[in-house]
Amino acid sequence: MQIMWREGKPTRESMASRRLLLSYFSVLFVVLFFFPVLTSAARCHPEDKAALLDIKKAMGDPYIIISWDPKVDCCSWLALKCDPKTNRVYDLDISGDNVSGTISPSVSKLKSLTQLTMRKLTGLTGPIPTAICDMTTLTFLWLDWNELSGTIPACLSKLRSLTYINLSFNQLTGEIPASLALLEKLDAIFLDHNRLTGRIPESFGHFRGSTPYLRLSHNNLIGEIPPSLGAMNFVNIDLSRNMLEGDASFLFGSTKPTQVLDISRNHNLSFDLSTVSFSKTLITLNIHHNKIYGAIPKSILKISNLQQLNVSYNRLCGKIPQGANLKRFDEYSFWHNKCLCGPPLTPSCS
């Protein structure tokens, strides 16, 4: 485009040409600037977008996902990740906010989702939707620190790719589904701090895959611990603060890889501690507030990395074994037993 000039001031023709040139570049700038946004809007899969907007609505449009604008590519929204090749949502993490609503069953329409995290959401109520059981690609389910109620869906056992289940710190009720033991890839199952009732499933002594971390504490579980659990090599097992009774000695063993063993505050667990052998890998051992009797085995001195120990409020007797690894624990770890003695308690047994 050629602009005409005369000496001195520009001509009328040159002024018109300049305006036309400016208009041309303005249009070009708008197209270049907004083209990525306009084209990216088509990337978002319509089923994913519809499902995400349903989830947002069911939660009461919380602030944490206020950026979910239907006019913008959903793969650019906060709290989620899209696969760069398929543009399908594979990771959804809505955490740490005040909401007012429930988990929408539409979450199951996210057909490529592998990780679902909804945690620390004050005001997230209602049940865990059974529609989640249709999410066969799911490997990671993290729903702790909410206000969810109702029972744990037994159909979660259909999600054979699950490696992690965390439903802790909710208001879940009912019994623990025995079918969860069918999950062959499960590495951890945390159901603590709920209102679960009934017995620990006998099937939890027959996990099909590797032995998962198991946390069932702070519930209302009753009855005896299934002896089948003694066949499992739990690295981390916490059954504390329930109403369990009877023998738990089979949870111990010198050849087990146990690092954390907590059966405290069940009040009615009763067995002879002197008959058990301790894993050398123990880091935490809590058995306080039960009816455990006998003496503390000298094999406890072979545990080199013991960081937490509490055997108080039981019916133990005899001398406390003396060794470097026990000197770090004060009288509160041993007191209120029938007749334990020796440092850090009184010198002689009565």
Side-chain angles (χ1 to χ4, degrees), residues 192 200 205 211 213-218 221-350:
D192 53 288
I200 298 174
T211 306
Y213 281 33
L214 181 63
R215 269 200 336 233
L216 305 179
S217 67
H218 295 78
L221 302 176
I222 61 170
E224 296 185 351
I225 301 172
S228 60
L229 269 65
M232 305 301 296
N233 289 318
F234 290 105
V235 173
N236 187 314
I237 179 169
D238 186 351
L239 308 179
S240 63
R241 293 180 183 266
N242 282 289
M243 295 179 285
L244 302 172
E245 59 187 42
D247 191 5
S249 61
F250 45 78
L251 297 178
F252 296 80
S254 59
T255 61
K256 291 179 179 290
T258 314
Q259 295 179 6
V260 175
L261 176 55
D262 194 340
I263 54 174
S264 62
R265 290 189 180 274
N266 278 287
H267 300 286
N268 286 312
L269 289 175
S270 178
F271 58 91
D272 187 350
L273 188 64
S274 64
T275 64
V276 309
S277 56
F278 296 110
S279 169
K280 295 179 181 180
T281 58
L282 269 175
I283 298 173
T284 297
L285 176 61
N286 287 325
I287 64 172
H288 58 91
H289 287 84
N290 279 296
K291 296 178 180 178
I292 300 168
Y293 55 92
I296 300 175
K298 291 184 179 180
S299 60
I300 198 170
L301 298 177
K302 297 179 181 180
I303 307 173
S304 59
N305 197 31
L306 193 61
Q307 302 296 320
Q308 295 183 34
L309 172 67
N310 195 335
V311 301
S312 64
Y313 289 91
N314 277 293
R315 300 176 179 180
L316 300 173
C317 280
K319 292 270 188 182
I320 297 172
Q322 300 300 304
N325 64 333
L326 292 189
K327 287 182 179 179
R328 72 186 70 177
F329 303 110
D330 57 22
E331 67 271 18
Y332 298 108
S333 295
F334 303 98
W335 69 350
H336 287 279
N337 273 286
K338 187 176 182 180
C339 49
L340 273 184
C341 62
L345 301 180
T346 57
S348 59
C349 298
S350 59

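Here, residue 1 is the first one in the sequence, and each next residue gets the next number. Please read all numbers here as calculations on a predicted model, not as lab measurements.
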message = Using side chain to side chain contact (heavy atoms under 4.5 Å, CB included), reason through Leu244 and Ile263 one step at a time and then give a plain yes or no.
response = CA-CA 9 Å; Leu244 302 172; Ile263 54 174; over 6 Å; no
ask   = Who pairs with Phe278 by ring-ring contact (aromatic ring centres under 6.0 Å, His included), at least two apart in sequence or on another chain?
value =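 For Phe278, the residues satisfying ring-ring contact (aromatic ring centres under 6.0 Å, His included) (neighbours in sequence not counted) are Phe252.
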By ring-ring contact (aromatic ring centres under 6.0 Å, His included) - contacts of Tyr332 (at least two apart) =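 ring-ring contact (aromatic ring centres under 6.0 Å, His included) check on Tyr332 returns Trp335.
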message = Apply side chain to side chain contact (heavy atoms under 4.5 Å, CB included) to residues Ile225 and Leu269 and explain how you reach the verdict.
response = CA-CA 9 Å; Ile225 301 172; Leu269 289 175; 4.1 Å; yes
task = Could you tell me whether the side chain of Arg328 and the main chain of Leu306 form a donor-acceptor pair under 3.5 Å?
result =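 Checking the backbone N and O of Leu306 against the side chain of Arg328, a donor-acceptor pair under 3.5 Å is found.
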message = Test your reading of the model: is there a side-chain donor-acceptor pair from Asn266 to the backbone of Leu239, 3.5 Å cut-off?
response = yes
request  = Please report the closest heavy-atom contact between Asp330 and Pro344, naming both atoms and the distance.
outcome  =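 In terms of heavy atoms, the two residues are closest at C-CG, 3.5 Å.
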Approximate separation, where rounding is to 0.5 Å, of [X] [atom1] and [Y] [atom2]:
| X | Y | atom1 | atom2 | result |
| --- | --- | --- | --- | --- |
| Ile300 | Asn325 | CD1 | CG | 7.0 Å |
| Thr284 | Asn236 | OG1 | CG | 8.0 Å |
| Ile222 | Asn268 | CD1 | CG | 12.0 Å |
| Ile237 | Leu216 | CD1 | CG | 7.5 Å |
| Lys338 | Lys291 | NZ | NZ | 13.0 Å |
| Arg315 | Cys339 | CZ | SG | 12.0 Å |

key: Residues Leu309, Ile303; criterion side chain to side chain contact (heavy atoms under 4.5 Å, CB included); working and verdict   = CA-CA 11 Å; Leu309 172 67; Ile303 307 173; over 6 Å; no
Determine whether [X] and [Y] make a side-chain contact, defined as any pair of heavy atoms from C-beta on separated by less than 4.5 Å.
| X | Y | value |
| --- | --- | --- |
| Val311 | Phe334 | yes |
| Thr281 | Val235 | no |
| Leu229 | Phe234 | yes |

task = Answer yes or no: does atom NZ of Lys280 have more than 12 heavy-atom neighbours from other residues, nucleotides or ligands under 6.0 Å?
result =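 For Lys280, atom NZ is not crowded (no more than 12 foreign heavy atoms under 6.0 Å).
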note = Residue pairs meeting side chain to side chain donor-acceptor pair (under 3.5 Å), one or both in residues 244-261, sequence neighbours left out, come to Asp247-Ser249
ask   = Between Tyr313 and His288, does the ring centre distance come in under 6.0 Å?
value = no
request  = Check the pair Leu316 / Leu273 against side chain to side chain contact (heavy atoms under 4.5 Å, CB included), numbers first and verdict last.
outcome  = CA-CA 8 Å; Leu316 300 173; Leu273 188 64; 4.0 Å; yes
